[in-house]
*Asks:* 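Got a structure for you, written out below as structure tokens; questions coming shortly.
Just so you know, these numbers use all the heavy atoms, side chains as well, and skip hydrogens, waters and symmetry mates.
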Amino acid sequence: MPFSDFLAALKDNPYFGAGFGLVGVGTALALARKSAQLGMVAFRRHYMITLEVPSKDKSYHWLLSWISHHAKSTQHLSVETSYLQHESGRISTKFDFVPSPGNHFIWYRNKWIRIERNREKQMIDLHTGTPWESVTFTAIGTNRDIFFNILQEARELALRQQEGKTIMYTAMGTEWRPFGFPRRRRPLTSVVLEEGISDKIVQDVKGFIDNPKWYSDRGIPYRRGYLLYGPPGCGKSSFITALAGELEYSICLMSLSDNSLSDDRLNHLLSVAPQQSIILLEDVDAAFVSRDLAKENPTAYQGFGRLTFSGLLNALDGVASTEARIVFMTTNHIDR
């Protein structure tokens, strides 16, 4: 007997009041709703794929730019305002629109993709003070290649925007964050040094990059360090910037005089530095205070960094030091 006929028969039965018929219909609707929910859960589990990317992942901002590029018809946007100061001193304002928190749908390679951007208002990143965010991609099917293609396209789009430029990073807490806008690569010929110094360093660095096997065959740690010295304004930092452009490397800026920098934090930052980057430690002579001076007048030197000289040496060339790393240090006073 069909279910509808069964309900009609129950309603006509004298032993059951009208109340039973209403309760029976309500129960049937509740069961149908529950079945639909379970069916949707089973469908999502077996016939849909999901990719979640937290805001701490390096590809998060790549994906936001990729979504903005593909979801041009979306009406729900957030704005990111940035300032750019030109060499002439003129300041221009740039507005970037990115999808706002919520749901967005895009048509990509003959498939609808649901994109959900979440922002946790009660959870913040302790290093930056920004709310914790994530973006989730959902598509019908079981082939993961669609997400791999999206990540590849997002990466290539980001690289095109940075092509021909040098990216600066600065230490924020326990991680590296891009600092300012990518700069146009500076040619080595624009930095005037004593004859032969520039060529000698460039050849040495390129030889180091091209011969990792030479180090591994001999059991030598694969890392390289340089100390550039000279009076202020002689071109130390300018040369490092030009060298990074020549090598197509980024630059990681770190101040050793930061009072929040400890031995453990320095070691961690050096171990998680972006690949293909030069780590720049400027004015290393001013990073430490003599123990005798600190004992004589502790109040005058209060607030100086907790980094120790032995901690710096261990981070640069200790047992736990990372490999495939290039470090440049600068000083105005080589005797110190």
*Asks:* Working to the nearest 0.5 angstrom, can you tell me the gap between F239 CZ and S190 OG?
*Replies:*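 If we round to the nearest 0.5 Å, F239:CZ and S190:OG are 11.0 Å apart.
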*Asks:* Tell me whether K236 is salt-bridged to E282, with the criterion being a basic N under 4.0 Å from an acidic carboxylate O.
*Replies:*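 E282 and K236: not salt-bridged.
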*Asks:* Is any side-chain heavy atom of R325 closer than 4.5 Å to one of R223?
*Replies:*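 The answer is yes; the side chains approach within 4.5 Å.
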*Asks:* A side-chain contact here means heavy atoms from C-beta on lying under 4.5 Å apart; do R224 and D204 qualify?
*Replies:*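 Yes. Closest side-chain heavy atoms under 4.5 Å.
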*Asks:* Answer whether the closest heavy-atom distance between the side chains of Y226 and I240 falls below 4.5 Å.
*Replies:*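 Sidechains of I240 and Y226: no contact.
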*Asks:* Side-chain heavy atoms under 4.5 Å apart, restricted to Ile/Leu/Val/Met/Phe/Trp/Tyr: what other residues fall into the cluster of V319, or is it alone?
*Replies:*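 Same cluster as V319: nobody, lone residue.
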*Asks:* One thing to verify: whether E175 and R177 come together as a salt bridge, which I'm taking to mean a side-chain N less than 4.0 angstrom from a carboxylate O.
*Replies:*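 Yes, this pair counts.
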*Asks:* Is the backbone N or O of T174 less than 3.5 Å from a side-chain atom of H268, with the two atoms forming a donor-acceptor pair by type?
*Replies:*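 Pair found, side chain donor or acceptor close to backbone of T174.
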*Asks:* Run the side chain to side chain contact (heavy atoms under 4.5 Å, CB included) test on W132 and N118 for me, step by step, so that the C-alpha distance in whole Å, both residues' side-chain angles and the decisive distance to 0.1 Å come before the verdict.
*Replies:* CA-CA 8 Å; W132 180 263; N118 294 313; over 6 Å; no
*Asks:* Quick one: pull up CH2 in W176 and CG in L253 and give me the separation to the nearest 0.5 Å.
*Replies:*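 Answer rounded to 0.5 Å: 7.5 Å.
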*Asks:* If you round to the nearest 0.5 Å, how far is SG of C234 from CG of N332?
*Replies:*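 Between N332 CG and C234 SG, I get 7.5 Å after rounding to 0.5 Å.
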*Asks:* Given 3.5 Å as the limit, does a donor-acceptor pair link the side chain of S134 with the main chain of P54, or not?
*Replies:*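 The answer is no, because no donor-acceptor pair under 3.5 Å joins these two groups.
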*Asks:* I would like to know whether I113 and I146 meet side chain to side chain contact (heavy atoms under 4.5 Å, CB included); could you show each step before the answer?
*Replies:* CA-CA 10 Å; I113 298 179; I146 188 170; 3.8 Å; yes
*Asks:* Is the shortest side-chain N to carboxylate O distance from E153 to R155 below 4.0 Å?
*Replies:*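 No.
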*Asks:* Go through the side-chain N and O atoms of S59 and D57 and say whether any donor and acceptor fall under 3.5 Å apart.
*Replies:*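 A donor-acceptor contact under 3.5 Å links the two side chains.
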*Asks:* Output side-chain donor-acceptor pairs under 3.5 Å for residues 207-216, partner residues at least two apart or in another chain, one line each.
*Replies:*
| residue | atom | partner | partner atom | Å |
| --- | --- | --- | --- | --- |
| N211 | ND2 | G207 | O | 2.7 |
| K213 | NZ | D217 | OD2 | 2.8 |
| S216 | OG | K213 | O | 3.0 |

*Asks:* Are V135 and Y60 packed together at the side-chain level, in the sense that at least one heavy-atom pair is separated by less than 4.5 angstrom?
*Replies:*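 V135 reaches Y60 side chain to side chain.
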*Asks:* Using a strict cut-off of less than 4.0 Å between a Lys/Arg side-chain nitrogen and an Asp/Glu carboxylate oxygen, indicate whether R186 and E246 qualify as a salt bridge.
*Replies:*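 E246 and R186: not salt-bridged.
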